[in-house]
Participant: 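This is the structure, below, for whatever I ask next.
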Amino acid sequence: MDFLSGLNPEQRAAVILPEQSALILAGAGSGKTRVLTTRIAWLISTGQVSPHGILAVTFTNKAAREMLLRLSAMLSINIRGLWMGTFHGLCNRMLRAHHLEAMLPQTFQILDSGDQLASIKRLMKALNVDDEKYPPREVQNFISKNKEQGLRAHEVEAFDPYTRRRVEIFAAYDEQCQREGVVDFSELLLRCYELLTRNQSLREHYQSRFRHILVDEFQDTNRLQYQWLKLLAGQHNALFAVGDDDQSIYAFRGANVGNMQELTRDFHVQNVIKLEQNYRSHGNILDAANALIKNNLSRLGKNLWTSENKGEPLRVYEAPTDAEEARFIAEEARQLNREGIHLAEMAVLYRSNAQSRVIEHALVSAGVAYRVYGGLRFFERQEIKHALAYLRLIQNSGDDNALLRIINFPTRGIGARTIEQLQEAARAQNISLWQAAKQTSGKVAAFVTLIEMMTGATRELPLPEAIDHILLHSGLLAHYQNETGVKQREAQERLENLNELINAATLFVHENEDDSLTSFLTHAALESGESQAEANADALHLMTVHSSKGLEFHTVFMGGLEEGLFPHQNSRMADAGVDEERRLMYVAITRARRRLYLSFAQSRMLHGQVNYSLMSSFLRELPEKLLHWITPRIATRNNFSSPAYSTAFVPKPPPINMSGLGAKKCVSVQNSPWHISQEVHHAKFGEGVIIDIEGGDSDMRVQVKFRTAGTKWLALEYAKLTPL
DNA sequence: CCGAGGGTCCTTTTT
DNA sequence: GGACCCTCGG
């Protein structure tokens, strides 16, 4: 088998495992996608199973596409019968095929999280629920979390009135969705799971079909997903799970790393294969990653190694301010680019999105092209959702969400009062808003006529032409074309996006056998699309550490390594939160192939206020010998004081903008050895940073933010503070 | 029906 | 600082 050549012994062992369940612990950069695809190719080409007998599951559409692409490059035979997709995509497929058994209309629509929230708000209004006491977002979370645990409203344990009320809303919400023929993301999974649980013949059909089930990123599965897999695997099928517990960074959205241990128990996994050889990074980078992640106690255990050389040390930069840090990154990226590294081969990673602003500003100033990942996706844009709502209403008149979105957009003089009356009428007769609208006259009736005309006119049209028709006759195009003044630019962009929607539909029709409207709407919901075009342009990548998972770059800038930001303050509360933050840092480090910059700032603008922080504890966990400090290294790291540091490396004192007290403070700062942002040590409280200073020479008091002991005011006369 | 203005919140995200 | 949401006034 020529595709087996080039695999290392562990990869090969994983690929040619006999037909049994297995857990492959695949470290970062160890070639896990290759192992997965080669395994499938090997199973098929050795005749052990036909493509028909394989189910391959991923989390993202991107991963599914990539696997399919690689697989078709390896195999010459037709792999049509093979099911490959995301959990949601696969569940959708089963539900459509068995919609009657699943008690859904064939053309059921999928609610994205925004639609779901709108749906919940509408319901709560109808039920007269106080949205101060029950914030809709929280209710949404409550519903999704429970569904992801496999629980229906009546199965949720509610011991307090607060939870009981939320359970009631949960139940009413599910009823509303059922009535309207819509399904939210977690419902796709839960409904499919229930379908297979209740329907023995269907379950047995799929069980006997999918002899091999392969799962990517297994550490990210939630409870329901694991149960779904277990159900499909039954007693006899082989569940081949690939994952990395050290890269589990999605506990906050329900991922359960424990599924890995559970898998080995439930499926009597004989041997766990570890892929530890890394094909991505130089040695120093891996050594740093290994040293860091060792501090997590509950691990399955793994140590990355490479046959490559050590490479260069990690470069550490301490900046006085976030703006300075950004300026450094921009400058360095520009320099590297001049030396021949493509901008697209570099990435700036950060813990939270708010950090991108300063960096973008610096990049603009330095004239460095960049691209920010994340943010609004194509199908989530307001104008696209409006256009799709027309299509949804045409498709399924029971879709109240869709009707409400467009009944007065573009404005056609139907006000809030009219809409309320419509909702009351619908509720009273237990009918859809559409049906209620049909009973009225006047402006609402005109709207009904408009939709009916559209329905008739588009029935026989190919999808792109149908969309074109709707854009024109709904008045959407005219609405944006008529925008003037400050909004004109924005409207122009929206018009371009609407045009792009027609292109997307054209492409969709070309690429899919099933080019029905339902299919397109499903596509829009399940694949919200790229956030920005121009993927080919050579631009520096900006993204959160989370979204960098799975990617790699020649050079990585990891910014904002400050205690409280990374690890994030809020993670201290969460169960094993700091461990998850550490895994996140591990992900960040292992993105770099050749060069890794680690930087932090003494002060940072956060929530509109200047914030002073200590260096991240994660940076301290990295072995000194792997690091090269670009700025003078911090004194504590040497165990001797470094006078050079404070004088040479605080070019300008951080701004203090309290007009009245400002002058006094500045004097104090200049005359005393203490200044804001200075790192200090206290005999009892440990290490901290000065964040405020008050009083004169003799009765001077400083406010210190300690690493562990919180923030305290200390009188310098009494407190034993030593500069670090 | 719109837009200005005020209050509130602020970690991470895919489907 | 700024995104978002709601309210109130024209």
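Lettering follows sequence order; numbering is per chain, from 1. These numbers come from a predicted model, not from an experiment.
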Participant: With a cut-off of less than 4.0 Å, is there a side-chain N or O of N570(A) near OP1 or OP2 of dT12(B)?
Facilitator: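 It does not, given that no N or O in the side chain of N570(A) lies less than 4.0 Å from OP1 or OP2 of dT12(B).
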Participant: Report yes if at least one side-chain N or O of R253(A) is closer than 4.0 Å to OP1 or OP2 of dT11(B); otherwise report no.
Facilitator: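 It does not, given that no N or O in the side chain of R253(A) lies less than 4.0 Å from OP1 or OP2 of dT11(B).
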Participant: For a quick test of reading the model: is some side-chain N or O of S571(A) closer than 4.0 Å to OP1 or OP2 of dT11(B)?
Facilitator: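 No, because none of the side-chain N or O atoms of S571(A) sits under 4.0 Å from OP1 or OP2 of dT11(B).
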Participant: When the distance from CG of D130(A) to P of dC6(C) is rounded to whole Å, what number comes out?
Facilitator: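 Value for this atom pair: 13 Å.
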Participant: Roughly how many Å is it from OH in Y586(A) to P in dT12(B), rounded to a whole number?
Facilitator: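 To the nearest whole Å, that distance equals 24 Å.
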Participant: Answer yes or no: does a side-chain N or O of N353(A) lie under 4.0 Å from OP1 or OP2 of dT13(B)?
Facilitator: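 For dT13(B), OP1 or OP2 has a side-chain N or O of N353(A) closer than 4.0 Å.
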Participant: Taking CD from Q609(A) and C1' from dC9(B), how many angstroms apart are they, rounded to a whole number?
Facilitator: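 Checked: the CD to C1' distance equals 14 Å.
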Participant: When you get a sec, tell me which of dC2(B), dT15(B), dT12(B) is the closest nucleotide to the side chain of T411(A)?
Facilitator: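 Given the options dC2(B), dT15(B), dT12(B), the side chain of T411(A) is closest to dC2(B).
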Participant: Roughly, in whole Å, what's the span from NZ in K549(A) to C1' in dT13(B)?
Facilitator: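 Rounded to whole Å, this separation is 11 Å.
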Participant: Taking only the side-chain nitrogens and oxygens of T544(A), find out if one of them lies under 4.0 Å from OP1 or OP2 of dT13(B).
Facilitator: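 Checking dT13(B) against T544(A), a side-chain N or O does come within under 4.0 Å of OP1 or OP2.
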Participant: Using the ring of Y586(A) (Phe, Tyr or Trp, six-membered ring only), decide whether R583(A) places NZ or CZ under 6.0 Å from its centre and within 45 degrees of its axis.
Facilitator: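 Because its charged atom misses either the 6.0 Å distance or the 45° angle limit, R583(A) does not stack over Y586(A).
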Participant: Tell me whether R166(A) forms a cation-pi arrangement with F142(A), defined as NZ or CZ under 6.0 Å from the six-membered ring centre and within 45 degrees of its axis.
Facilitator: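 R166(A) over F142(A) ring: yes.
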Participant: Look up atom CD in E66(A) and atom CE in M84(A), then write down how far apart they are to the nearest 0.5 Å.
Facilitator: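 CE of M84(A) is found 10.5 Å from CD of E66(A).
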Participant: Take atom OH of Y373(A) and atom P of dT14(B), then tell me their distance rounded to the nearest Å.
Facilitator: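 Rounded to the whole Å, the gap is 13 Å.
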Participant: Is any side-chain N or O of N61(A) closer than 4.0 Å to OP1 or OP2 of dT14(B)?
Facilitator: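 Checking dT14(B) against N61(A), no side-chain N or O comes under 4.0 Å of OP1 or OP2.
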Participant: Closest-nucleotide mapping onto DNA chain B: is E581(A) or G415(A) further toward the 5' terminus? I mean the 5' end.
Facilitator: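 Counting from the 5' end, the first nearest nucleotide belongs to G415(A).
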Participant: Measure the distance between the ring centre of F252(A) and the centre of the six-membered base ring of dT12(B), then answer whether it is under 5.5 Å with planes under 30°.
Facilitator: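 Ring-base stacking flag set for F252(A) and dT12(B).
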Participant: Atom CG of N141(A) to atom C1' of dT11(B): distance rounded to whole Å?
Facilitator: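 Distance check: N141(A) CG to dT11(B) C1' gives 13 Å.
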Participant: Whole Å only: how far is the NE2 atom of H607(A) from the P atom of dG7(B)?
Facilitator: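 These atoms are roughly 20 Å apart.
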Participant: Within a 6.0 Å radius of atom NZ on K145(A), are there more than 12 heavy atoms belonging to other residues, nucleotides or ligands?
Facilitator: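 Count over threshold, so yes.
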Participant: I want to check one thing: is the phosphate of dA3(C), taken as OP1 and OP2, less than 4.0 Å away from some side-chain N or O of R357(A)?
Facilitator: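 Yes, because at least one side-chain N or O of R357(A) sits under 4.0 Å from OP1 or OP2 of dA3(C).
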Participant: When all nucleic acid strands are considered with a 4.0 Å heavy-atom cut-off, which category describes L111(A): base, sugar-phosphate, or nothing?
Facilitator: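 Contact class for L111(A): none.
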Participant: Taking the six-membered ring of F379(A), is the NZ or CZ of R381(A) close enough (under 6.0 Å from the centre) and on axis enough (within 45°)?
Facilitator: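 Output no; distance or angle outside limits.
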Participant: For dT12(B), decide between syn and anti, treating a glycosidic angle within 90° of 0 as syn.
Facilitator: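 Anti.
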Participant: Tell me whether H88(A) and dT15(B) count as stacked here, given that the ring centres must be under 5.5 Å apart and the planes must differ by less than 30 degrees.
Facilitator: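 Here the ring of H88(A) and the base of dT15(B) are not stacked, as the 5.5 Å and 30° limits are not both satisfied.
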Participant: Within this structure, what is the CG-to-P distance between L565(A) and dT11(B), rounded to whole angstrom?
Facilitator: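 In whole Å, dT11(B) P and L565(A) CG are 11 Å from each other.
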Participant: Could you tell me whether the side chain of S186(A) has a donor or acceptor atom within less than 3.5 Å of a complementary atom in the base of dT15(B)?
Facilitator: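 Between dT15(B) and S186(A), which were checked side chain against base, a qualifying N/O pair under 3.5 Å is absent.
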Participant: Is it the case that R191(A) places NZ or CZ above or below the six-membered ring of F108(A), under 6.0 angstrom from the centre and within 45 degrees of the axis?
Facilitator: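 Relative to the ring axis of F108(A), which defines the angle, R191(A) lies outside at least one limit.
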Participant: Using the P atoms only, state how far dT13(B) lies from dC4(C), rounded to an integer number of Å.
Facilitator: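 Rounded to whole Å, the distance is 15 Å.
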